[in-house]
Amino acid sequence: MGQITPYNEQESKTKQVSRMFDRIAPYYDFLNHFLSLGIDRGWRRKAIKEVAENQPQRILDIATGTADLAIAMAEQIKPQEIIGVDIAPKMLEIGRVKVRDKGLNKVVHLEDGDSQELHFKDDQFDVVTAAFGVRNFENLELGLSEMYRVLKPGGKIVVLEFSRPKLFPFKQIFNAYFKYMLPLIGRFTSNDQRAYSYLYESVQVFPEGQVFLNIFEKTGFKSNRCTALTLGVCSIYVGFK
């Protein structure tokens, strides 16, 4: 996979991604829903359905951002604990306010941390999730290996990530929107056009579909599968330890 970074600087990708999300944090939730026309909520519901099948009591949400997925899982699945980890402190600040306002402080706990160097002991979680985060890992295999390590034997990984549609002419329309419109909208709303150019570029080089499942297998996961959503704009990846 090519190494695409937000700002094309000498600084590590991890630090650039952290800085980028801190810069767009106040606009992140609005832009997520607006730019996806609200479809992202449906994608999360499908991911939560996968998580709920295992009736997990302890969940780790990687790259939790402003905690949208963590909050929805807490409300719908009602586990004992969800820990959300992210490298962008300002995203977590917004997430903590949302968790508090929902009255979920006893269930959802948000922590600043690098998903590629988790501080948890081995075999701690029933399910590990990641929504639109693994694409930003500096080292994808290392990040997945860490997710595998902290899962309990028999535990489940559920990854939601952008992919590239193949169907004509939807592919061409989607690419034009993603490549040209998103950066333009992002520039006027978040004052960071580069963040949304990076989004398009990072999706183009991400090892989607079977290639990503092969990396799942390489890092130890088994019974792996991929389900494409919305004509291939997004995919759910599932595997087990």
Side-chain angles (χ1 to χ4, degrees), residues 1 3 12-18 21 44 47-65 67-74 77 79-89 91-92 95 107-162 202 205-227 235-241:
M1 178 178 64
Q3 185 70 280
S12 72
K13 179 176 180 177
T14 299
K15 290 183 179 179
Q16 289 185 53
V17 168
S18 174
F21 279 112
R44 287 186 178 86
I48 291 169
K49 186 177 179 180
E50 285 283 357
V51 174
E53 286 181 359
N54 290 63
Q55 299 180 319
Q57 291 306 302
R58 198 157 190 249
I59 301 171
L60 176 64
D61 186 35
I62 295 292
T64 194
D68 266 1
L69 183 61
I71 289 170
M73 289 192 294
I77 302 174
Q80 292 179 357
E81 181 181 36
I82 299 176
I83 298 178
V85 174
D86 203 279
I87 58 174
M91 296 280 280
L92 291 172
V107 178
V108 179
H109 307 103
L110 304 183
E111 301 181 3
D112 189 354
D114 187 351
S115 306
Q116 299 161 103
E117 193 175 352
L118 297 170
H119 65 82
F120 307 107
K121 295 180 180 179
D122 297 356
D123 308 331
Q124 291 293 301
F125 298 95
D126 301 305
V127 173
V128 176
T129 60
F132 311 110
V134 298
R135 190 184 71 259
N136 298 316
F137 287 176
E138 187 157 353
N139 186 322
L140 180 58
E141 288 188 21
L142 177 59
L144 291 175
S145 295
E146 278 289 271
M147 295 163 81
Y148 181 88
R149 179 182 65 79
V150 301
L151 264 180
K152 294 178 181 178
K156 187 176 191 178
I157 182 173
V158 178
V159 171
L160 194 60
E161 191 53 86
F162 286 114
S202 62
V205 301
F206 184 72
E208 63 175 6
Q210 186 58 50
V211 179
F212 187 56
L213 291 181
N214 292 342
I215 301 174
F216 256 30
E217 184 175 0
K218 185 177 181 181
T219 50
F221 295 104
K222 56 188 179 181
S223 300
N224 305 314
R225 54 186 166 85
C226 169
T227 303
S235 296
I236 295 179
Y237 301 91
V238 175
F240 294 85
K241 182 171 181 177

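The backbone N or O of Ile83 lies less than 3.5 Å from no partner atom in the side chain of Glu111, so there is not a single donor-acceptor pair. Of the possible polar contacts, none joining the Tyr148 side chain to the Phe240 backbone as a donor-acceptor pair under 3.5 Å is found. The backbone N or O of Thr14 lies less than 3.5 Å from no partner atom in the side chain of Ser18, so there is not a single donor-acceptor pair.
Pro79 is not listed as a side-chain neighbour of Val51, based on a closest heavy-atom distance of 4.5 Å or more. Residues Val17 and Glu138 fail the side-chain proximity criterion, which asks for heavy atoms closer than 4.5 Å. Within the 4.5 Å cutoff, no side-chain heavy atoms of Ile59 are placed close to those of Phe125. Within the 4.5 Å cutoff, no side-chain heavy atoms of Val134 are placed close to those of Tyr237. In this structure, the side chains of Leu69 and Ile48 come closer than 4.5 Å at one or more pairs of heavy atoms.
When all heavy atoms of Pro207 and Phe212 are compared, the closest pair comes out as O-CB, 2.7 Å. What you find for Ser145 and Thr219 is that their closest heavy atoms are OG-CG2, 3.5 Å. Taking every heavy atom of both residues into account, Ser115 and Ala63 meet most closely at OG-N, 3.8 Å. Shortest non-hydrogen contact noted between Val85 and Gly113 is CG1-O, 3.2 Å. Summarising the geometry of Pro56 relative to Val127, their closest heavy-atom pair is CB-CG2, 3.7 Å, with the distance given to 0.1 Å. When all heavy atoms are compared, the tightest approach of Val108 to Ala74 is CG2-CB, 3.7 Å.
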Original post:
Should Arg44 and Phe132 be marked as a side-chain contact (heavy atoms from CB on, under 4.5 Å) after you check the CA-CA gap, both sets of side-chain angles, and the distance that decides it?
Top reply: CA-CA 10 Å; Arg44 287 186 178 86; Phe132 311 110; 4.1 Å; yes
**OP:** Please lay out, stage by stage, how Lys241 and Asp123 fare under the test side-chain contact (heavy atoms from CB on, under 4.5 Å).
**Re:** CA-CA 10 Å; Lys241 182 171 181 177; Asp123 308 331; 2.7 Å; yes
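Of the candidates Thr64, Asp112, Ile62, Asp86 forms a side-chain contact (heavy atoms from CB on, under 4.5 Å) with just one, namely Thr64. Applying side-chain hydrogen bond (donor to acceptor under 3.5 Å, both in side chains) to Asp126 and the options Lys152, Lys156, Gln80, Gln57 leaves one that passes, Lys152.
Rounding to the nearest 0.5 Å gives a distance of 7.5 Å between CD of Gln116 and CD1 of Ile87. Here NZ of Lys49 is found 12.5 Å from CD1 of Ile77. Values are rounded to the nearest 0.5 Å. The distance from the CZ atom of Phe162 to the CZ atom of Arg135 is 6.0 Å, given to the nearest 0.5 Å. In this structure, the separation between CG on Leu144 and CZ on Phe221 is 6.0 Å, given to the nearest 0.5 Å. For the atom pair CD of Glu161 and SG of Cys226, the computed distance is 11.0 Å after rounding to the nearest 0.5 Å. Expressed to the nearest 0.5 Å, how far CD of Glu208 lies from CD of Gln210 amounts to 11.5 Å.
Environment of CD in Glu53: crowded, with over 12 heavy atoms of neighbouring residues, nucleotides or ligands closer than 6.0 Å.
With sequence neighbours left out, the side-chain hydrogen bond (donor to acceptor under 3.5 Å, both in side chains) criterion links Arg58 to Glu81, Gln124. The side-chain hydrogen bond (donor to acceptor under 3.5 Å, both in side chains) search around Asn139 returns none, not counting sequence neighbours.
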